[in-house]
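Okay, structure first, notes after.
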Amino acid sequence: MSRDHVQSAQRPGTGAEAPFLELLARGASADAYEQPVLLARAEGLPPERIRALEQAKRLALHVRAEMEGRRRREAELSALFETAHDLAGLRDLDAVLQAIVQRARSLLSTDVAYLTLHDEAAGDTYMRVTEGSVAARFQQLRLGMGEGLGGLVAQTARPYVTPDYFEDDRFQHTRTIDTGVRDEGLVAILGVPLMIGAQVIGVLFAADRRARVFEREEIALLGSFAALAAAAIDTANLLTETRSALDRLARANEIIRDRSAVIERASDVHDRLAELVLRGGGVHDVAAAVSQVLDGTVEFTEADAAPASALEASRAEGHAVRHGDDWIAAVTGGGELLGALVLRGHPGLDPVDQRTLERAAMVTSLLLLARRSAVEAEQRVRGELLDDLLDARDRDPRVLRERAARLHADLDATHVVLAARLDGADADADQEAAARRRLWSAASHLAATRHGLAAARDGGTVLLLPLETGDTATDLARRTARHLGTAVHEPVTVGASAPVEDLAGHPDAVAAAYAEGQRCLDALRLLGRAGDGAAAEDFGFLGLLLAGDRDIAGYVERTIGEVVAYDERRGTDLVRTLDAYFACGMSPARTKDELHVHVNTVAQRLERVGRLLGDDWQSPARALEIQLALRLHRLSARP
């Protein structure tokens with residue numbers, strides 16, 4: 001305040017209100033109203049003049065507060081009017097809710113505002129809209145009934161406010177909610193319920209990242225926004241229900257129109273199915289064609305995947321039967337149950353459409369029987385070719401390659417021969433024979449899909465499968481054991497040969513590889529590893545006896561190759577140390593005398609060996625393998 005203003009207050013006829021009227025006129029801050037009084041005291045004005053100024057200041061501040069209150073209420077009413085206008089032209093519920101939260105945050109001058117809705121299925125509330133939030137974990141919070149301040153608001157249907165969230169024990173704190181609130185940095189939180197009638201559907205919040213006391217007017221304002229938000233949600237729900245009702249009505253009209261054409265569709269079905277059969281279509285083509293005719297989803301399923309009671313009823317009656325909202329039509333051939341056609345989610349099937357589904361099941365059975373005959377013929381051809389390779393009957397590479405090419409097999413690729421055998425305990429000979437047939441069928445299917453060959457042999461099954469890049473015989477054996485075991489629902493043990501090449505040029509190699517696979521199979525069973533798969537390389541030094549080519553170098557490499565390579569790179573004596581260590585009865589003290597080094601040197605070398613070979617290298621089994629590898633390594637190194 002300037003000295004001129006003080007002097008004007010001293011002049012006769014000049015009221016004490018003048019400087020404060022000027023402050024009101026220019027919208028000065030509340031602190032500025034102290035200046036006239038302070039300057040008057042500094043000038044030494046009479047006490048009565050100072051009292052007059054004090055009274056004028058109080059009146060001016062009261063007028064200022066009234067004016068600010070009116071402006072705030074005008075802004076609030078304007079925001080509420082704009083929100084109501086948005087609600088009247090509701091097109092996008094998310095946009096309306098976002099506008100409500102934005103305006104609430106702006107008018108209450110809070111750091112964050114957000115809105116949660118009730119999830120009836122989960123029994124809790126979830127974040128729907130946030131404004132001013134920066135923490136991802138907070139934006140994904142879910143609040144159970146009664147949990148956190150919002151859960152308390154939802155449970156009691158009353159507004160709740162806390163000036164300091166973490167110091168407030170009126171509501172239940174949970175680690176998840178507190179972590180989310182702490183991530184967002186919130187301190188003061190106000191929550192009001194969103195209500196449709198007497199039902200709480202969610203909560204509207206305003207929150208600050210500092211301690212704050214929310215005034216009664218602010219709570220009432222947020223409640224008004226909550227009422228508008230609830231009305232927007234209720235309006236959107238009504239619109240959704242109306243649209244759904246209109247959609248159902250339109251669907252009903254379509255059904256009425258479709259009913260008039262049902263007979264015409266039925267007459268068209270026979271022509272479609274006949275065309276599918278003539279052009280070599282499959283069972284899924286039949287299902288797709290019937291799906292179009294019946295305006296539903298028709299699927300072919302295996303017999304064990306269909307509802308047992310409905311499937312048996314359809315088989316006995318010879319008609320499609322209803323199962324819940326679905327229809328089941330058994331697919332049979334020669335008294336054998338081959339599967340089922342299932343019409344999904346179509347409970348109101350009329351007799352004409354039911355007959356259409358039954359006719360499609362009949363056509364499906366014919367296709368399955370025809371496909372089975374073709375598959376069995378191909379399996380026999382694959383088995384005959386593999387039998388010839390195993391027995392080395394045909395020595396002409398060109399003929400062998402041509403026969404394999406007709407079966408989409410490539411004898412020039414690298415293959416593995418696998419011997420597979422069931423390990424389940426069957427009750428009688430008939431069950432055992434049936435299980436072997438299932439194994440042969442599953443192996444034949446696997447061979448066909450992998451461009452290989454399969455044949456029944458020696459009470460089990462032999463497969464010739466190509467080895468993919470990066471794969472090993474062990475990987476292929478284990479994968480095949482799992483696949484066949486799953487297919488026949490019994491443990492299947494698989495022994496694999498080492499990879500073989502140029503089968504057409506060396507057909508006798510197949511027989512040798514099969515013998516190796518059988519030896520691995522027998523070893524697995526003797527070791528109690530029924531249902532597993534393995535190759536000779538998995539049996540350590542025993543693999544040297546099982547393998548057909550006695551891969552000594554490979555065994556040495558697999559067993560102590562890391563140690564040999566380390567010596568070659570670093571010029572160390574780890575291999576010689578190992579030799580001495582085992583020769584001295586695994587005694588470090590005797591080993592250091594043998595090598596003429598300090599015992600600490602021996603310990604350091606053995607520690608390095610442990611890091612290279614693994615912690616269990618001194619176990620009896622590993623130690624035996626390592627000693628054998630060391631001896632073979634010495635022998636191979638001699639001139």
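- Closest non-hydrogen pair, Ala229 versus Leu194, comes out as CB-CD2, 3.8 Å.
- Between the OG1 atom of Thr472 and the CZ atom of Arg479 there is a distance of 8.0 Å, given to the nearest 0.5 Å.
- Across all non-hydrogen atoms, the minimal contact from Arg344 to Thr301 is NH2-CG2, 4.2 Å.
- Atom CD of Glu120 sits in a sparse spot, with 12 or fewer heavy atoms from other residues, nucleotides or ligands closer than 6.0 Å.
- In terms of modelled atom types and a separation under 3.5 Å, the side chain of Thr449 and the main chain of His445 share a donor-acceptor contact.
- Put simply, the side chain of Glu184 gets close to the backbone of Val134: a donor and an acceptor are under 3.5 Å apart.
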Under the criterion side chain to side chain contact (heavy atoms under 4.5 Å, CB included), I'd like the reasoning laid out for Val192 against Phe225: C-alpha separation, chi angles, the key distance, then a yes or no. CA-CA 9 Å; Val192 296; Phe225 277 112; over 6 Å; no
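- When the shell of 6.0 Å around CZ of Arg216 is examined, it contains 12 or fewer heavy atoms from other residues, nucleotides or ligands.
- In this structure, CZ on Phe205 lies 4.5 Å from OG1 on Thr116, to the nearest 0.5 angstrom.
- Among residues two or more places apart in sequence or in another chain, the side-chain hydrogen bond (donor to acceptor under 3.5 Å, both in side chains) test is passed with Arg482 by none.
- Contact detail for Ala481 and Gly533: the closest heavy-atom pair is CB-N, 4.1 Å.
- Using a distance-only test at 3.5 Å, with no hydrogens or angles considered, a donor-acceptor pair links the side chain of Glu218 to the main chain of Glu215.
- The two residues Ala340 and Ile328 make their nearest non-hydrogen contact at CB-CG2, 4.1 Å.
- Every ring-ring contact (aromatic ring centres under 6.0 Å, His included) that His173 has, sequence neighbours left out, goes to Tyr165, Phe171.
- No donor-acceptor pair closer than 3.5 Å links the side chain of Asp208 to the backbone N or O of Arg210.
- The ring pair (Phe, Tyr, Trp, His ring centres under 6.0 Å) analysis of residues 115-143, with sequence neighbours excluded, yields the pairs Tyr114-Phe138.
- When side chains are defined from C-beta on, Val342 does not count as touching His323, because their heavy atoms never get closer than 4.5 Å.
- A distance-only check finds a donor-acceptor pair linking the side chain of Asp111 to the backbone of Arg209 [under 3.5 Å].
- Side chains of Thr130 and Gln139: no donor on one and acceptor on the other come within 3.5 Å.
- Taking each heavy atom of Pro159 and Ile219 in turn, the nearest pair found is CB-CG2, 4.2 Å.
- Annotation: the span from Arg142 atom CZ to Thr176 atom OG1 amounts to 12.0 Å, rounded to 0.5 Å.
- Nearest heavy-atom pair across Asp471 and Leu476 is OD1-N, 4.4 Å.
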Candidate pair Asp119 and Asp124, rule side chain to side chain contact (heavy atoms under 4.5 Å, CB included), full reasoning: CA-CA 5 Å; Asp119 186 338; Asp124 59 8; 3.6 Å; yes
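- Between the side chain of Arg175 and the backbone N or O of Ile177 there is no donor-acceptor pair closer than 3.5 Å.
- No side-chain heavy atom of Asp234 sits less than 4.5 Å from a side-chain heavy atom of Ile201.
- Going from atom CZ of Arg251 over to atom OG of Ser244 covers 15.0 Å, rounded to the nearest 0.5 Å.
- Here the straight-line distance linking atom CD1 of Ile100 with atom CG of Leu222 works out to 10.5 Å at 0.5 Å rounding.
- The local environment of CD in Glu54 is crowded, with over 12 non-hydrogen atoms from other residues, nucleotides or ligands closer than 6.0 Å.
- With contacts defined as side-chain heavy-atom distances shorter than 4.5 Å, the pair Leu108/Leu190 qualifies.
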Go through the steps to decide whether Val203 and Leu149 satisfy the test side chain to side chain contact (heavy atoms under 4.5 Å, CB included), and finish with yes or no. CA-CA 10 Å; Val203 180; Leu149 183 141; 6.0 Å; no
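- Rounding to the nearest 0.5 Å places CD of Glu131 at 12.5 Å from CG of Leu115.
- Within the 4.5 Å cutoff, the side chain of Arg105 has no heavy atoms near those of the Val112 side chain.
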For Asp94 and Arg128, run salt bridge (Lys or Arg N to Asp or Glu O under 4.0 Å): C-alpha distance rounded to whole Å, both residues' side-chain angles, the deciding distance at 0.1 Å, then the answer. CA-CA 8 Å; Asp94 287 334; Arg128 177 63 185 272; 2.5 Å; yes
